[in-house]
Amino acid sequence: MTRSDLVEELASRFGQLTHRDAEYAVKTILDAMSDALVRGHRIEIRGFGSFSINRRPPRMGRNPRSGESVHIPEKRVPHFKPGKALREAVDKRTAADSAAGPRG
């Protein structure tokens, strides 16, 4: 699902929202989530999951072409951990799909 798919879904579910309003709502939510992560905050959406920041320590890597050692600096990267309800729903759905057999 892409951002535009999300906007379309929101606009179709809520008839009182124009496409522009749905686009603005999705943009506002995603911007708020991005800003929170940039500030180092954790985002928790019950039943869906949580977003947090993981620290990757500095390390020595290797340039695959020349073989020389390269210093890779510390990074902070976003991390998503799915909630129990989401994990169970995905597992249940994929189990049902695989039991139905191959699609063709």
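Residue numbers count from 1 along this sequence. Every value quoted in this text rests on a predicted model; they were computed, and no experiment measured them.
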Would you please name every residue forming a side chain to side chain donor-acceptor pair (under 3.5 Å) with D31, sequence neighbours left out?
K27

When hydrophobic residues are tied together by side-chain contacts of less than 4.5 Å, even through go-betweens, does I45 share a cluster with F80?
yes

Quick check: is F14 connected to L30 through a chain of hydrophobic side chains (ILVMFWY, heavy atoms under 4.5 Å apart)?
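The answer is yes; both residues are in one hydrophobic cluster.
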
What side-chain donor-acceptor pairs closer than 3.5 Å can you find for residues 19-26, not counting sequence neighbours?
unit_1, atom_1, unit_2, atom_2, d
H19, NE2, E8, OE2, 2.9
D21, OD2, T18, OG1, 3.2

R39: partners by salt bridge (charged side-chain N to carboxylate O under 4.0 Å, His left out), with sequence neighbours left out:
none

CD1-CG distance between I29 and L10, expressed to the nearest 0.5 angstrom
7.5 Å

Determine all donor-acceptor pairs shorter than 3.5 Å in which one atom belongs to a side chain in residues 47-62; sequence neighbours excluded.
unit_1, atom_1, unit_2, atom_2, d
S50, OG, R42, NH2, 3.2
R55, NE, E74, OE1, 3.4
R55, NE, E74, OE2, 3.2
R55, NH2, E74, OE1, 3.4
R62, NH1, G67, O, 2.7

Using side-chain contact (heavy atoms from CB on, under 4.5 Å) as the criterion, list what pairs up with K84, not counting sequence neighbours.
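With neighbours one apart ignored, the set is R87, E88.
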
Suppose we screen for side-chain contact (heavy atoms from CB on, under 4.5 Å). Which residues come up paired with T94, at least two apart in sequence or across chains?
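side-chain contact (heavy atoms from CB on, under 4.5 Å) list for T94, sorted by chain: V90, D91.
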
